[in-house]
Amino acid sequence: MDHTDHTNLLRDGVATPGGVWADFGAGTGTFTLALAELLGPGAEIVAIDRDTSRLRANEQAMRTRFPETNARYVAADFTEALELPPLDGIVIANALHFAPDQAHVVELLGSYLGPRGPVTRRGVQH
Ligand SMILES: C[S@@+](CC[C@H](N)C(=O)[O-])C[C@H]1O[C@@H](n2cnc3c(N)ncnc32)[C@H](O)[C@@H]1O
């Protein structure tokens, strides 16, 4: 799968460009890059991962390919409550299954969504 495939996987879940989104368990940026493509330069993206080396690779890829996107990188455990702005959308791809208590994480994710935050669930494996 390539960037176009990743972007197409998210496309139906992104109703409008812009806004504030977070990519939980963002890793090296597969879906952070796809989000940047779909949301455009006016968006803010928060990429969250507990693995700092993966986050650094994510940041480097984003700076190279989407330098105009306002992205920030948070080294954190998504099973714990995080300080985040109200989110318009969330991506968590290939990462939720690492959490021992997935229901707790889904509840936390829901608490981050602002009034415009849609919920689209899609099973993705790549
Ligand atoms: C299989 S990778 C998926 C990366 C990316 N989302 C993708 O689909 O290509 C899983 C990522 O989730 C991160 N991760 C797993 N559990 C986490 C947790 N509790 N808090 C933060 N990051 C976590 C890992 O460090 C890893 O980068």
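This chain uses plain numbering: 1 for the first residue, then up along the sequence.
- Listed here is the closest heavy atom pair of Pro86 and Gly114: CB-CA, 4.0 Å.
- Of the possible donor and acceptor atoms, one in the side chain of His104 sits under 3.5 Å from a partner among the backbone N and O of Thr79.
- Side-chain contact check for Leu9 versus Met1: some heavy-atom pair is nearer than 4.5 Å.
- Phe98 and Phe31 end up in different hydrophobic clusters when Ile, Leu, Val, Met, Phe, Trp and Tyr side chains are linked at under 4.5 Å.
- Shortest non-hydrogen contact noted between Ala36 and Thr69 is CB-OG1, 3.7 Å.
- The backbone N or O of Arg54 lies less than 3.5 Å from no partner atom in the side chain of Asn58, so there is not a single donor-acceptor pair.
- The line from OG1 of Thr16 to CG of Asp88 is 7.5 Å long, rounded to the nearest 0.5 Å.
- Side-chain contact between Val46 and Tyr112 is absent, with no heavy atoms from C-beta onward closer than 4.5 Å.
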Start with the C-alpha distance between Leu33 and His6, add both sets of side-chain angles, then the distance that settles side chain to side chain contact (heavy atoms under 4.5 Å, CB included), and finish with yes or no.
CA-CA 9 Å; Leu33 295 162; His6 302 139; over 6 Å; no

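- Summarising the geometry, atom CD belonging to Glu59 is positioned 13.5 Å from atom OG1 belonging to Thr28; distances are rounded to the nearest 0.5 Å.
- Proximity of a side-chain donor or acceptor of Asp49 to a complementary backbone N or O of Leu55 within less than 3.5 Å is not detected.
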After noting the C-alpha distance and the side-chain angles of Trp21 and Ile90, does the key distance pass the side chain to side chain contact (heavy atoms under 4.5 Å, CB included) rule?
CA-CA 6 Å; Trp21 282 64; Ile90 284 172; 5.8 Å; no

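- Results of the side chain to side chain contact (heavy atoms under 4.5 Å, CB included) test with Asp23 over Ile92, Leu10, Thr32 single out Thr32 as the only residue that passes.
- How far CG of Leu108 is from CG of Leu84: 10.0 Å, rounded to the nearest 0.5 Å.
- Salt bridge status for Arg72 with Glu44: present, with a side-chain N to carboxylate O gap under 4.0 Å.
- Within 6.0 Å of the CD atom in Glu68, the count of heavy atoms belonging to other residues, nucleotides or ligands exceeds 12.
- In this structure, Gln102 places its CD atom where more than 12 heavy-atom neighbours from other residues, nucleotides or ligands lie under 6.0 Å away.
- Contact between Gly25 and Ala95 at its shortest, heavy atoms only, is CA-CB, 4.0 Å.
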Go through the steps for Phe78 and Val105 under the test side chain to side chain contact (heavy atoms under 4.5 Å, CB included), then give the verdict.
CA-CA 7 Å; Phe78 63 56; Val105 174; 3.9 Å; yes

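- Residues Glu37 and His3 have side chains that bring a donor and an acceptor to within less than 3.5 angstrom of each other.
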Side chain to side chain contact (heavy atoms under 4.5 Å, CB included) between Ile48 and Leu82, worked out:
CA-CA 10 Å; Ile48 298 153; Leu82 305 176; 4.1 Å; yes

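- At a threshold of 4.5 Å between non-hydrogen side-chain atoms, the residues Tyr73 and Met62 count as touching.
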